[in-house]
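These numbers come from the heavy atoms of this one structure, side chains and all, not from hydrogens, waters or symmetry mates.
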Amino acid sequence: MLFTQSILLAIILGTAIGIVFGAIPGFSATMTIVLLTPVTIPFEPAVALILLVSAYGGAVYGGSIPAILINTPGAPGSVVTCWDGYKLTQQGKAVYTLAVSAFASGLAGLIAATALLFAAPIIADIALEFGPPEMFLLAVFALTIIPAVKDASLSKGLLAGLFGLLIATVGNDPQLSRPRATFGVTILQSGFDYIVILIGLFVLTEMIRLAMRGSIIGGDGDGNTAGGYDQVVDGVRAVLSRPVDFLRATFIGTFVGSLPGAGADVANFVSYNEAQRWSSDEKAEQYGTGIIEGVIAADSSNNATQGGALMPTLTLGIPGSGSTAALIGALAIHGLNPGPGLFERSGPIVYAMIFSLFIGNLLIIVYGLSGSRYFGKVAYIPIRYIIPVVTVLSVIGAFAVRNSGFDLLIMLAAGILGILFVKYDYPLVSPVLGVIVGNIAETGFTRGWLLNGQNWVAFLTSSEISIGLTLLIVLSLGVTAVKNHA
């Protein structure tokens with residue numbers, strides 16, 4: 001089934017479409033699946049679902065391209081890629097960084113697909129052990145990266161993170177289901193969409209900064225404006241020469257991706273945090289200044305979440321991310337019911353979907369490595385062309401999230417706020433991280449707190465996983481405190 005002409009064409013086109021959609025600011029993997037699902041209705045189920053899965057993988061990778069080139073994450077999962085990827089672009093190493101991103105993403109996707117093929121039932125069972133307390137502690141663990149953000153004081157990083165958490169409280173209260181801080185605006189009952197805030201804070205802010213600076217490439221660039229295949233080869237070698245960094249990020253991405261509701265957004269922060277923690281003191285200080293290990297940590301975990309998120313989706317019928325939640329709808333449209341018994345009922349189609357991940361991730365490597373020389377030239381296009389095009393795409397992306405003009409005002413407000421954050425040296429990533437994990441943390445806390453009789457000891461020791469995460473949080477904060485004191 002996999003090697004029929006129509007399915008191979010679906011993989012080739014789906015991956016390419018996903019990369020293009022993922023590279024547009026605001027058009028996340030979830031939106032890609034939602035937009036393509038109606039198009040696939042006339043198709044055979046196998047062709048339709050493999051097209052969607054291929055587009056899913058391509059979109060996850062595609063979000064890293066604008067993150068590296070113009071400091072504009074195509075999706076929330078690419079925020080971390082900006083930190084080192086864009087700094088490397090400013091140094092004239094865009095092609096090299098894009099090659100690292102493509103190879104790390106595709107290779108991590110292949111490993112995650114292998115894990116999905118052989119270990120799906122095992123990891124899905126472990127993921128089921130993550131109840132509300134565990135999800136709260138995982139979100140807090142992700143928040144421990146805030147004090148480690150470069151180019152900001154500890155107090156400013158924490159204050160900006162708390163501001164993000166405050167924004168995440170707008171909407172319906174998860175415990176009482178009552179509107180909170182909505183001020184009578186109906187659309188705010190579902191809260192601020194973090195994709196809209198992300199576009200404003202990163203895209204509009206960066207476009208204004210570009211207009212003030214005059215070019216993407218800084219004065220410290222190496223002058224290699226085009227970039228040759230030698231940079232592509234160097235990028236592949238950079239990943240292969242750092243197997244520990246790569247495999248650690250891939251494992252984190254696969255596992256965190258398998259946790260319901262976590263996805264690439266959380267996996268990136270956890271992976272980057274762990275990469276920095278396990279580095280030497282000298283190397284750890286370089287994270288966020290343009291270090292290739294940061295890009296490997298971000299993009300390896302990013303694409304590994306695809307295979308991880310499909311584990312609970314296919315085996316238990318529980319979406320591992322927003323993208324797989326959209327995919328469940330597509331599966332239902334084409335007559336498949338995810339959950340126990342799916343492999344017995346629809347074995348050939350499901351295994352064809354899984355094996356298509358191997359071809360799709362190989363294509364990501366091919367597309368990414370062959371296109372990196374041409375993608376990299378974007379960094380040298382005059383900004384009078386870049387700024388209007390990116391801004392228009394950003395407006396379209398922000399509007400398309402909920403088809404609301406109100407979101408455009410939120411995007412504009414976030415962009416103006418981003419300028420103030422930059423001016424006064426507050427890290428942009430801190431509020432974004434707070435917004436992304438805020439809902440996960442609050443929902444997990446309120447439910448876990450009630451389930452454990454409002455007892456702190458019971459809450460923190462409800463399972464071995466809770467105890468382990470609590471120890472990791474304490475260790476993370478302890479290491480940060482020692483480094484800041486030093």
- Does one side chain, of Tyr272 or Asp84, offer a donor that lies under 3.5 Å from an acceptor on the other? yes
- Message: Assess, by modelled atom type and distance only, whether the side chains of Ser466 and Ser463 contain a donor and an acceptor separated by less than 3.5 Å.
- Response: yes
- Sorted by chain and residue number, the ring pair (Phe, Tyr, Trp, His ring centres under 6.0 Å) partners of Phe136 (sequence neighbours excluded) come out as Phe445, Phe459
- Message: Taking the side chain as everything from C-beta on, heavy atoms only, tell me whether Ile292 gets closer than 4.5 Å to Arg242.
- Response: yes
- Message: Could you measure the distance from the CD1 atom of Ile410 to the CZ atom of Arg402? Nearest 0.5 Å is fine.
- Response: 8.0 Å
- Quick one: CG on Leu240 to CZ on Phe246, what's the gap to the nearest 0.5 Å? 8.5 Å
- Note on the structure: So OG1 of Thr97 and CG of Leu88: to nearest 0.5 Å the spacing works out to 4.0 Å
- Query: What distance separates Arg248 CZ from Ile296 CD1, expressed to the nearest 0.5 Å?
  - Reply: 10.0 Å
- Query: Any side-chain heavy atom of Phe406 sitting closer than 4.5 Å to one from Val196?
  - Reply: no
- Does Glu134 pair with Arg447 as a salt bridge, N-O distance under 4.0 Å? no
- Task: Could you tell me whether the side chain of Asp245 and the main chain of Ala297 form a donor-acceptor pair under 3.5 Å?
- Result: no
- Which value, rounded to the nearest 0.5 Å, describes the distance between Ile33 atom CD1 and Ile328 atom CD1? 10.5 Å
- Note, Leu327 side chain near Thr37 side chain (heavy atom, < 4.5 Å): no
- Message: When you compare the side chains of Asn452 and Ser462, does any donor N or O come within less than 3.5 Å of an acceptor on the partner?
- Response: no
